[in-house]
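Only one structure is covered here, and it is reproduced in the block below.
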Amino acid sequence: GAVVSQHPSRVICKSGTSVKIECRSLDFQATTMFWYRQFPKQSLMLMATSNEGSKATYEQGVEKDKFLINHASLTLSTLTVTSAHPEDSSFYICSARDVQGSPEAFFGQGTRLTVV
Amino acid sequence: GDSVTQMEGPVTLSEEAFLTINCTYTATGYPSLFWYVQYPGEGLQLLLKATKADDKGSNKGFEATYRKETTSFHLEKGSVQVSDSAVYFCALSDEASGGSYIPTFGRGTSLIVHP
């Protein structure tokens, strides 16, 4: 089956620093990737949708300058949390859709970000 | 817009009990329906899917049938195990909503299975 690899799985950083999270589709090409944020015991909150080679579409309330998304190739999207603060601590999950057009999205393992 | 409603948890069962997690949806088009499972500290895994009415998705003893007339996709398992303890998300993707198949998720239902 389709595999999405997300890295790192855990990261601890200091306030004010930036953190980059990578999302790779390993055995398929992904035209569209999604970035989610999940708070404890809550559902997924869609942050943005990125299409290869174009700017990401951010959901209402998500700061574009704080959460930088780049989808430079059909197999890689990155989320950079800039000038991180403790309130950015969360579980971030990416997912990707196959360019062949199948409707399901495949998910990465998630990244636990802790800002101290 | 599209939406997914699933029963609130947690659902607590004893091992070998029958499981039902209800899920209903609203959609502008003809969506595909999914159940995903999330184990603690991990991302989501696709559990099963159905792409058209009356389709039954099944995997690992779990089943769900796409019921267009009742707009439902209830998840069932005849005999749960402790290892099934996880959070289950019902979801849909609908090309009619912009063509990008952005998945719409329910809030998740936590399942706890006791030995």
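Letters A, B, ... are given to chains in the order of the sequence lines, protein chains preceding strands, and every chain is numbered from 1.
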Contact class of B/Leu44 relative to chain A, heavy atoms under 4.5 angstrom: both

Given that the side chain runs from C-beta out, which part of B/Ser110 has a heavy atom under 4.5 Å from chain A: side chain, backbone, both or neither?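 Nothing of B/Ser110, per the 4.5 Å heavy-atom cut-off to chain A.
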
Write down the atom of A/Ser43, the atom of B/Gly106, and the distance for their closest heavy-atom approach. OG-O, 2.8 Å

For A/Gln6, which atoms come within 4.5 Å of any heavy atom of chain B: side chain, backbone, both, or neither? neither

Does [atom1] in [X] sit with more than 12 non-hydrogen atoms of other residues, nucleotides or ligands closer than 6.0 Å?
{"X": "A/Glu59", "atom1": "CD", "result": "yes"}
{"X": "B/His114", "atom1": "NE2", "result": "yes"}
{"X": "B/Ile112", "atom1": "CD1", "result": "yes"}
{"X": "A/Lys64", "atom1": "NZ", "result": "no"}
{"X": "B/Glu15", "atom1": "CD", "result": "yes"}

Please tell me whether [X] and [Y] are part of a single hydrophobic cluster in this structure, the criterion being side-chain heavy atoms less than 4.5 Å apart.
{"X": "B/Phe105", "Y": "A/Met33", "answer": "no"}
{"X": "B/Tyr25", "Y": "B/Tyr30", "answer": "yes"}
{"X": "A/Tyr58", "Y": "A/Tyr92", "answer": "yes"}
{"X": "A/Met45", "Y": "A/Val115", "answer": "yes"}
{"X": "A/Met47", "Y": "A/Val19", "answer": "yes"}

Any side-chain heavy-atom pair from A/Tyr36 and B/Pro103 closer than 4.5 angstrom? yes

If the contact rule is any heavy atom under 4.5 Å from chain A, which residues of [range] qualify, in numerical order?
{"range": "residues 57-80 of chain B", "result": "none"}
{"range": "residues 33-43 of chain B", "result": "B/Phe34, B/Tyr36, B/Gln38, B/Gly41, B/Glu42, B/Gly43"}
{"range": "residues 81-91 of chain B", "result": "B/Phe89"}

Results of side-chain contact (heavy atoms from CB on, under 4.5 Å) for B/Thr5 - residues two or more places apart only: B/Thr24

Among A/Arg10, A/Gln109, A/Glu104, which has the most heavy-atom pairs under 4.5 Å with chain B?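 Heavy-atom pair counts peak at A/Glu104.
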
